[in-house]
Amino acid sequence: MEHQPWWQKGVIYQIYPRSFLDTTHNGVGDLKGIIKKMDYLKELGVAGIWLCPIFPSPMYDFGYDTSDYYNIEPLFGSMEVFDELLLKAREKKIRILLDLALNHSSHLHPWFIESSSSRDNPKADWYIWAEPRLLKRRPNNWKSVFGGPAWSWSEQRKQFYLHSFLPEQPDLNWRNPEVKKQIFKILRSWLEKGVDGFRLDVVDFYLKDEKLRSNPYCPGRRPYEMQKHIFDKNRPENIEIMKEIRNLLEDYPEKIALGEVAERNAKIAASYYGPENDGLHINFNFNFLEQPWKAAAFKKAIEEWEGLLGPENWPVYTLSNHDVPRHFTRFGNCEARARVAATLLLTLRGTPFLYYGEEIGMSQGKIPRFRILDPVGKRYWPFHHGRDGCRTPMQWNGYRNSGFSSANPWLPVNQNYKEVNLAAQKKDPNSLFHFYRTLITFRNNSMALQKGEIQFLDINNPQVLAFRRQYELEKLLIILNFSSRKQTAVLPSELSGLKLVFPEKKAGIERQKKQLNLSPNGLGIFRE
Ligand code: NOJ
């Protein structure tokens, strides 16, 4: 049997370290907190964790503005604590993915300080500098994703520098071989240390048009969306960098690069796998993440993604992360739907990524204006409340601050923590937590779910998703009723002798010969 790497077999869990568990009583989560909860992650059954950035940072964008790629942010711990974390993870057979923001550094990174000090220093060309146009106008029309122009003025150099995000996040010049060399050195150094790979932030932004041409106009809602981003990201040459990264990783078996390609266009996201599966190992598919609660919409997104990737590339699916509102809330704050969503995520062909707290149904936090910290929320309130709401502290128990911290937490704990918390759900065998845990265990024991092909069935009902997963003799059928009403589904005649294998109780599906009667949000995994 062909060997399947860990990152295809198992479930990966994303941790936002600031919000997981605080052990130093300062209101901010830390690495010791993650170490303490490693047994919990093992119990949940995950194979790996992705840690949002843990490197020194002035925190303008909460770690996505790195000022030192070789060390650990003191708020989170130290290199010794990180070593301890690696050891503990290894002992539990949990892999670690680090999150590297390499499109830009912090403006306080020594590279940028040197680069901005003059026009002729050794690092003068390490960032993207450009002359003003006539009358001190900006070099082109590029906009920052976080609002405003993508260019800021440097008095020292009397030039503009590019920042695709905040002015405190200047874009590195990936076209400079010396920069690339230094970045690859960073990757190697963490791999040598024993991490299992990287989640690479906004890889679609690495290379920009060499001539810095202005983007053409297109209709859109926000100024950023009113441009076709053909010159400031997704340059065709960018794929060459992905290949180089892949090449580097080939020296380290089973270590991976996971690309954040924050594109709704699945075709662009798929291109980061490389023309011959020689780009990044896996890439996020934001198209899936942005689907409304409709069976037909998900089916379309999955079929499109499968079609684009083909059998040789490996899909990744996720429903929530630290940048978007939690799916529990997006899908109507409804636990029955959360169960359907979890079953979908954990039974598709590809690696499922969970976001901390989704296993207990954490909902989007409501952050009062005076406590908003995310730069996006600060800038755009009340039109956009920012991303703090999906970053609230993990709800461990019903005690003070949900057991997250003994001090005032950096973001308010979600008000529902007395009802929604892990300790309560552990005691209740019918809780969402046990549902996730059992489903993950089921997945971990099923070759069909880990490896099998996927095939959608035509069951004559657009509200219901039905698909088969099959590997060698193991054949599973997954049925999910997305609607809050009873539904029926007619199974193809060759399907007989189905046996319900998950959930053990209360599937909400009854069989009447070839017809299935599904209760509202009913779901089930059947063995054929
Ligand atoms: C994507 C990250 O997920 C997000 O949190 C960050 O703000 C931007 N990239 C900029 O690094």
Of all residues at least two apart in sequence or in a different chain, which pass the side-chain hydrogen bond (donor to acceptor under 3.5 Å, both in side chains) check with [X]?
X: Arg468; value: Glu528
X: Tyr206; value: none
X: Glu254; value: His3
X: Tyr224; value: none

Inset, instruction - With rounding to the nearest 0.5 Å, note down the distance linking NE2 in His327 to CG in Leu319. - result: 5.0 Å

Inset, instruction - Would you give the length of the straight line joining atom CG of Leu258 to atom OG1 of Thr318, rounded to the nearest 0.5 angstrom? - result: 9.5 Å

Hey, is [X] close enough to [Y] for a salt bridge, meaning N to O under 4.0 Å?
X: Glu250; Y: Arg246; value: yes
X: Arg379; Y: Asp374; value: no
X: Arg387; Y: Asp323; value: yes
X: Lys300; Y: Glu304; value: no

Would you call [X] and [Y] a side-chain contact if the rule is heavy atoms closer than 4.5 Å?
X: Leu354; Y: Gln14; value: no
X: Phe467; Y: Leu480; value: yes
X: Cys52; Y: Tyr64; value: yes
X: Gln8; Y: Gln450; value: no
X: Arg199; Y: Leu100; value: no

Distance-only polar pair, side chains of [X] and [Y], donor-acceptor under 3.5 Å:
X: Glu359; Y: Tyr40; result: yes
X: Gln395; Y: Asn416; result: yes
X: Tyr273; Y: Glu312; result: no
X: Gln425; Y: Asn421; result: no
X: Asn521; Y: Ser484; result: no
X: Trp410; Y: Ser19; result: yes
X: Ser446; Y: Glu474; result: yes

Is the count of non-hydrogen atoms from other residues, nucleotides or ligands lying under 6.0 Å from [X] atom [atom1] greater than 12?
X: Gln415; atom1: CD; answer: no
X: Lys294; atom1: NZ; answer: no
X: Lys426; atom1: NZ; answer: yes
X: Lys243; atom1: NZ; answer: yes
X: Glu335; atom1: CD; answer: yes
X: Arg264; atom1: CZ; answer: no
X: Glu276; atom1: CD; answer: no

Inset, instruction - Can you run down the salt bridge (charged side-chain N to carboxylate O under 4.0 Å, His left out) pairs that involve residues 266-275, sequence neighbours left out, and say none if there aren't any? - result: none

Inset, instruction - Run the numbers on Phe404 and Tyr417 for ring pair (Phe, Tyr, Trp, His ring centres under 6.0 Å), then give the verdict. - result: CA-CA 11 Å; Phe404 161 71; Tyr417 76 94; over 10 Å; no

By the ring pair (Phe, Tyr, Trp, His ring centres under 6.0 Å) test, which pairs, at least two apart or in different chains, include something from [range]?
range: residues 479-502; value: Trp293-Phe482, Phe298-Phe482, Phe435-Phe502
range: residues 372-394; value: Trp381-His385
range: residues 337-361; value: Phe284-Phe353

Inset, instruction - Report yes or no: is the cationic atom of Lys299 (NZ for Lys, CZ for Arg) closer than 6.0 Å to the six-membered ring centre of Phe456, at no more than 45° off its axis? - result: yes

Legend entry - Charged tip of Lys255 within 45° of Trp190 ring normal and under 6.0 Å: no

Partners passing side chain to side chain contact (heavy atoms under 4.5 Å, CB included) against [X] (at least two apart in sequence or in another chain):
X: Pro223; result: Lys143
X: Asn401; result: Pro409, Val413
X: Gln512; result: Gln515, Asn517
X: Thr392; result: Met362, Ile367, Asn414

Legend entry - Side chain Asn238, main chain Asn234, donor-acceptor under 3.5 Å: no

Inset, instruction - May I ask you to decide if Ser406's main-chain N or O and Arg400's side chain share a donor-acceptor pair within less than 3.5 Å? - result: yes

Inset, instruction - Answer with yes or no after comparing the ring centroid distance for His281 and Trp7 against a 6.0 Å cut-off, counting only values under it. - result: yes

Inset, instruction - For the residue pair His322 and Trp50, categorise the inter-ring angle as parallel (less than 30°), tilted (30 to 60°) or perpendicular (more than 60°). - result: perpendicular

Legend entry - Qualifying residue for salt bridge (charged side-chain N to carboxylate O under 4.0 Å, His left out) with Arg349, from Glu453, Glu306, Glu303: Glu306

